[in-house]
Structures are given as structure tokens and as C-alpha cells.
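Let me begin by presenting the structure, written as C-alpha cells, before commenting on it.
Quick note: numbers below take in every heavy atom, side chains included, and nothing from hydrogens, waters or symmetry partners. Indexing begins at 1, ligand by ligand and atom by atom, following the structure's order.
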Amino acid sequence: MGWVHSCFGKLIDVGDAGTVAGRALVEERYRALLRQIPLLYVVALANYLGLHLATGGQLDSLYSPSTLLVGFVLVRLVHWVRARHRVLSADRIVRELRKTWFYALAVSVGFCAWALTLIHGASADHDGHVILFGTLAGVGCAYGLSSFPSAARLPLLFLALPLAVRLILSGDLAHIGMGISVGIVILLILRLLGIHNKGVDALVASRSEISIERERARRAERLAKSEKAKTKVIADTDPLTGLANRRAFLRALARKAGSVSRRRPFALAMVDLDGFKPINDTFGHATGDRVLEGVGARLTRTGGEGALIARTGGDEFALLLSGVTSPSAALDAGTKVCAALQEPFIVDGREFRISGCCGVALLKPGECDVEEALIRADTALYRAKESGRAGVAVFTQDMQEIHRRRAEVEKALRLPGTLERITVVFQPITDLATGELKALEALARWHDERLGRVPPDQFIPIAEQINVIEPITERLLRQAAAEATRWAASVKLSFNVSAVQLCTPGSSARILAVLGETGLSASRLQVEVTETALLADFEVARDNLQALRAAGARIVLDDFGAGHASISYLREMQFDGIKLDGALIGSVGDSIRGRRLLKGVLDLCSAMNLPSVAEHIETEEQLYLLRELGCREGQGYLLSPPLHAEAAAALAAPRLVAIGSRSAA
Ligand code: C2E
Ligand code: MG
Ligand code: MG
């Protein structure tokens, strides 16, 4: 049965709707049939009418086979006209084509049978008309079905050809000749159909190939577009927190700051975390990362809808807040941000407390560019940090001046040759009981031609931030140590070490190397460190200080009482002395509470067995009180201002000196 099925399949050959090219061919055939079949039926009807009239015009009875055939043709004509706007699936089309094949067969055979019944040999003219209209109908229908070749052959084979054969069999010579030529024409048309069909197949195949290629290109383009979009998302996202990164944030800020369509003010807030680094260093980066993720989540909640939150650096975050239109609202927003970070972060069951300072700039679109906007928020952040942990500040115009100065100092520090202009002066530290010179504190001095005098507490933090502190310190230490070699052996060199340097692994080795180069023994060095330096990275700072101590240097905690964490440092680190912050001394003159506080701190020092040094002694009263309270050593304008190297060397010459001849620096 299989071969019957396959022969039948070949005979009907509708096309293969299972492949893309096959589907295209089937659809193309159907489209062409939709256009041509109605005409085909009109041709069939016209021939029927022609034949009817040519053969005498006698109408068959209503129920005669030919009338039924005509009725059937009319029904199919209506069907095809109505099918014009129908969209069919490929499978439905295949079914339609199969039906069409059978109808074409039925109509061809039906017409042929009817025509043959009309030929009776009585009149050559009559028979000729039958054959003429019959073959015309066959050729016309074949043409109408030409886009569906297996159906197009049917009217030729089952209508026109039998009529030609009938002509040949008539025995009449003229009819035989006509029959042969009609037969040849039919064969040629069959051949033409084959050629035409091959052309159509090739055309459709190449068209479908083109459309496949086009679709492939479209898909590739879509893929490339989505890849591009994905790459953009990755490029704009901070992988750790999922927040926007610095790049994306700056772009959004530029859009907002430069927008001309929107005039509503907005706030740019910058957040800098306090206490994050020790977590990272002590508990590892994985824990640090989780804390940062937590910070990101809290800031996102706090910022609310419409806010853009970004992680702009290691532990730096930034927010773009819409709907903040007044300085008080900006302050509120900043306070909220800091408050959001107050609650501890829980990582693996452990509690971590950090805080963040927040600087907010209230900006109007079109008012300033991105750089200026960042400068303002940064200036506010700087001010916020000055006010201690979890500080908040909103940018104001008077901060601008401070900022401008800061920017100029930064620029000048980067210029070649500036380092050479930074020099050192020395302020004596004396024994308050005996007046003996114990040490000289090296203090940096920079007089810039354009900026004038730039105090060290202004330029040192900037130098730290822009990473030029190391060469500055090294140069100052070299100068100071070289000077100290000229002093009496009992006079120490007290040297301030910056936070950044202290927290740089191996900086102790470099300090000792400079001492080695200048020939000053490490036992003559007194290193002054501030608690902020220890705060930055306690572990590294402790390693460096231990190394210096092991080499014989004294370690003194500077500005004690100015910050918040010193007492715990007294427990965790071994110091050789404590310098009381100038504010503790300044307040003793006018308040009993100040005096009590000073006494308490001095008692604490003696309880810890740590010699105390008072700085900023400006009045006799302060000096008297400090002596009374048992403060060991002192420093201040009353005793001596900072001195130039020569004056310091004269003062510290190898003999017992009392504070006397001064030349102020
Ligand atoms: P500091 O280490 O606490 O230094 C003492 C500061 O108090 C010096 O200010 C000194 O000039 C000032 N001073 C001395 N006597 C008095 C007084 O009676 N009254 C008042 N009001 N002030 C007095 P200076 O030189 O401006 O230094 C400020 C800070 O800058 C220093 O504070 C120190 O932390 C830092 N610094 C100075 N030189 C260096 C340096 O070479 N390296 C580093 N890393 N920091 C330095
Ligand atoms: Mg100092
Ligand atoms: Mg100090």
C-alpha cells in the first residue's frame, strides 16, 4: 500500500509545509490560486456558454449533469471569491490544495464526459465546436491552475486530451490533423507548465532563503541590541551592591544638572562611611562586602522612589534626591541618610556598627555643571566630617570660599617645586618644673607666593588625600633629623607622623631609614600620632608604631582629648607620653569645669604612668595651674613660639639651657 500512497502523493504533490521553503511555496501557490481560480471558473463558464450556444442552444433540463456541473462551478467560484481575505495556516492551505486537486479532476472529467456526449458525428461543424470549446476550456483552466502544476495538468489530461484523441479517432482526415495538432499543443503546454513551475519553485526558494537570511539578520540585530543593553547595564552597575556605579551616577547628575525642561531643585548627597575599614581589615572582605550591601539596601530604602543611589567608591555612596527644594529639607534628607546607618548591621550573626557622614548640596538645574555640583557636595561632606561621626552638612555659599582655597592648595601641592618650599620650624617642649628643654617639635611651614601662608593643618590633610604626603614627610623628617644631630643628645626631636603614613605598611622602615641616613639615633626621635591616625587603620598603625618603638623611638599620643576614642587606645597601645589637646588647656582660665576636666585627664595620665605634655600654654595662669596639677612638660607661645632652625639649634646647643633668647618663626 505504501507505493500507492507515495504514487498518489507524487500525483497530487501539493508541496511540503514542514520546511520553511516548502511552507513558502505552498503559501505562494495558494496566494496565486486565490487570484486565478475565480477567473478559471469564469473561463469554464464562458466556454460552457459558448459551447451551449454553438451547439444549438438547447438548454438541458435543470437536473441534467451539465447543469449540476455548472452549479458546482458557481459554488466553487463563490467559495474562492470569499476566501480572498482569509488567512490560513500552512496545514489548512495544504488541505485546501488537496481539495482543489480533486475538484479540478472532477470538473475536468465531468466537462469531458459531457462534451463527449455532445459529439455524435452527424455534423462536422457541431463536433468541431464541441472540441474547440472543450479544448479551450481545458487550456484555460490549466492556465488558471498553472501555479499548482499537479492540478493544472488535470484539465489538459482529462478534458482537452480525450477530446483531441476523439478527433483523431473520428476517421475524418481533417479532424485527424486537427486532433494531432491539438495533441501536440497540449503536450507542449504540459512541458511549459513543468518549466514554468520549476522557475516558480526556484524563485520561491530563493525568496524564502532571502527571507530566512533577513530573519536571521534581524535576530542577530535583536541579539546584538539586547547584548548591548546588557553590557550597558553591567557597565553602569556596581556589581557588589547592584546600585548604579560612579559612571552612571555622573551621567544622571549631568542630565539633571543640565536639564532645561525641569527647573525644580534637587539634592546631591554624598555619604562617607566611618568605621568601615577596620571591619574589612579585621573580618575580611567577604564580611565587608556584606556590610556594604546592607548599606546600599538601607540607602535605597531611605532615598525612596525616584532617588538614584550609587556606590561611587570603596565606602562612598551618593544619592540624587528629587523633591528636595529647601535647605531645611536637604538637611532633613541628610539626617535621614545618617540615621539609616545608625542601626547595627548583622552579618553571620555578628553585629557591626558603622556610621556615615553626609554632605548635601541643593542644586537647581542649569545652575552649575557636574564638576561644580560635586565640589559643592564634597565641600559639605568635608564640613560634615569635621563635625564628627554621623555629621551632616548642607552646602552654603560661605563654604565655597573655604573650598576654593582648598582647591587652590591642592593645585599648588601638585605643582613641581612646591615640596622644596615646605620647610620646618621647631617649637620647644620644656620641663615645666625645671625649665629644661626636653624636645623640639618639628612643625611644617609653607609660604606660597600666591596663596601666602598655608598652615600645616590645612595642607597636610590635602596632601594626604592626593597622596603627596610621603615625599613631604620624608623631606621634612630629613631636614629635621639633620638639624637634630646638631642639638644636645638630651634634646629629642618630636615629629608628627600623618595618618596616611602611619597606616601605610612599612612606613616605619622608611622613617628609620631616613634617620639612618642623617645619623640621628632612633632613641632621639619622639613620634607624635593623633587618634585619627589610629582610627584609620589600627592594625597597620600599631605595627608601624611597635617597630619604631622597638628601634628606640618614643611614641606620644598627640591632641589627647580632642576626639572620642583615645581612652580605648590607651588600653590597646603602649605610649610613652600624652600631649593634651590645646582645647583642654585653653578652657582652664575661665571655667572651674575646665580646670576639673584638665585635672581628671592629668590624673588619668599619672594613673597610666604616662608623662603628660601640655600644649598651647599661652598664659602664666595656665602655666601655674599645669605645674600645680603635676603636668610634666609643656609647649606654647608663652614658653616659646616655633623657632627657625638656627634659633632652635642655638637653644638646643649641647649645654643645659633655660628658655630665654627667642627668635620667633
Ligand atoms: P600639633 O602637632 O598639635 O602642633 C601644635 C600646633 O599648635 C602647631 O600648629 C603650633 O604652632 C601650635 N601652637 C603652639 N603653641 C601654641 C599656642 O600657645 N597657642 C596656640 N593656639 N597654638 C599653638 P601648627 O604648626 O599650625 O600645626 C598644626 C598641626 O598640623 C599640628 O598640630 C600637627 O598636627 C600638624 N602638623 C604640623 N606639622 C606637621 C608635619 O610636619 N607633619 C604632620 N603630619 N603634621 C604636621
Ligand atoms: Mg604635634
Ligand atoms: Mg597637638
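The part of Leu476 lying near ligand 1 is the side chain, judged by heavy-atom distances below 4.0 Å. With a 4.0 Å heavy-atom cut-off, ligand 1 is reached by no atom of Pro455. Under 4.0 Å from ligand 1, the heavy atoms of Ile617 that appear belong solely to its backbone. Counting heavy atoms closer than 4.0 Å to ligand 1, residue Ile460 contributes side-chain atoms (C-beta onward) but none from N, CA, C or O. Residue contacts with ligand 1 for Asp559 involve side-chain atoms from C-beta outward but no N, CA, C or O (heavy atoms, distance under 4.0 Å).
Of the possible donor and acceptor atoms, one in the side chain of Thr485 sits under 3.5 Å from a partner among the backbone N and O of Ala482. One N or O on the side chain of Thr241 and one on the backbone of Leu243 form a donor-acceptor pair closer than 3.5 Å. At distances below 3.5 Å, not a single donor-acceptor pair connects side-chain atoms of Thr504 with backbone N or O atoms of Ser507. The main-chain N or O of Ser508 is found under 3.5 Å from a side-chain atom of Asn544 such that the two form a donor-acceptor pair. Formation of a donor-acceptor pair under 3.5 Å by the Glu483 side chain with backbone atoms of Gln479 is not found in this model. In this structure a side-chain-to-backbone donor-acceptor pair under 3.5 Å is present from Arg405 to Leu451.
Heavy-atom proximity to Glu528, at under 4.0 Å, picks out these atoms of ligand 1: 2 (O). Applying the 4.0 Å criterion to heavy atoms of Glu615 picks out, from ligand 1, the atoms 3 (O), 5 (C). Listed by number with element, the atoms of ligand 1 under 4.0 angstrom from any heavy atom of Asp558 are 1 (P), 2 (O), 3 (O). Using a 4.0 Å cut-off to heavy atoms of Ser498, the atoms of ligand 1 that qualify are 44 (N). Atoms of ligand 1 lying under 4.0 Å from any heavy atom of Gly636, numbered from 1 in the order shown and given with element: 15 (N), 18 (O). Atom numbering of ligand 1 starts at 1 in the shown order; those under 4.0 Å from a heavy atom of Leu443 are 4 (O), 8 (C), 10 (C), 11 (O), 25 (O), 37 (C), 38 (N). With ligand atoms numbered from 1 in the order given, ligand 1 contributes 17 (C), 18 (O), 19 (N), 20 (C), 21 (N) to contacts under 4.0 Å with heavy atoms of Glu618.
With Phe345 as the aromatic partner, Arg353 does not meet the cation-pi criteria of under 6.0 angstrom to the ring centre and within 45 degrees of the ring axis.
Ligand 1 has no nitrogen or oxygen under 3.5 angstrom from a nitrogen or oxygen of Gln635. Checked against a 3.5 angstrom limit, the closest N/O atoms of Thr530 and ligand 1 fall outside it. Checking only distances, Ala444 does come within under 3.5 Å of ligand 1, N or O to N or O.
Between Gln635 and Lys579, the side chains place a donor N or O and an acceptor N or O closer than 3.5 Å (distance only, hydrogens not considered). Looking only at atom types and distance, the side chain of Asp603 has no donor-acceptor partner in the side chain of Ser606 under 3.5 Å away. Neither side chain, Ser494 nor Glu441, offers a donor N or O lying under 3.5 Å from an acceptor on the other. Gln342 and Arg298 share no donor-acceptor pair across their side chains, judged by distance under 3.5 Å alone.
Closest to atom 12 (C) of ligand 1 among all protein heavy atoms lies His616 NE2, 3.8 Å. Atom 42 (N) of ligand 1 has as its closest protein heavy atom Asn496 O, 3.4 Å. For atom 29 (C) of ligand 1, the nearest protein heavy atom (residue, atom name, distance) is Asp457 CB, 4.0 Å. With hydrogens left out, the protein atom closest to atom 15 (N) of ligand 1 is Gln427 NE2, 2.9 Å, a heavy atom.
You'll find the side chain of Trp487 reaches within 4.5 Å of the side chain of Leu440, heavy atoms only.
Per-atom contact check: atom 25 (O) of ligand 1 touches the protein, criterion being a heavy-atom distance below 4.0 Å. By the definition of a contact as any protein heavy atom under 4.0 Å away, atom 19 (N) of ligand 1 is in contact.
Among Val337, Leu268, Thr302, the single residue meeting the side-chain contact (heavy atoms from CB on, under 4.5 Å) criterion with Leu319 is Val337. In summary, of the residues considered (Val613, Leu493, Ile429, Asp576), a side-chain contact (heavy atoms from CB on, under 4.5 Å) with Gln526 occurs for Ile429 alone.
Put simply, no part of Lys579 is less than 4.0 Å from ligand 1, judged by heavy atoms. Residue contacts with ligand 1: Arg445 is included, with a non-hydrogen atom under 4.0 Å away.
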For side-chain contact (heavy atoms from CB on, under 4.5 Å), just list the numbers for Asn280 and His285, CA-CA rounded to whole Å, side-chain angles, deciding distance to a tenth of an Å, and then say yes or no.
CA-CA 5 Å; Asn280 223 15; His285 288 280; 3.3 Å; yes
Criterion ring-ring contact (aromatic ring centres under 6.0 Å, His included) on Phe352 and Phe283, from CA distance to verdict:
CA-CA 10 Å; Phe352 294 99; Phe283 296 95; 4.9 Å; yes
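Summarising the geometry, atom CG belonging to Leu292 is positioned 8.5 Å from atom CG belonging to Asp238; distances are rounded to the nearest 0.5 Å. Rounding to the nearest 0.5 Å places CD of Gln458 at 9.5 Å from CZ of Arg406.
The Mg ion (ligand 2) has Glu441 OE2, Asn496 OD1, Glu528 OE1, Asp558 OD2 as its protein N, O or S neighbours under 2.8 Å.
Nearest-heavy-atom check against atom 36 (N) of ligand 1 across Ser494, Ala463, Pro456, Pro428 picks out Pro456.
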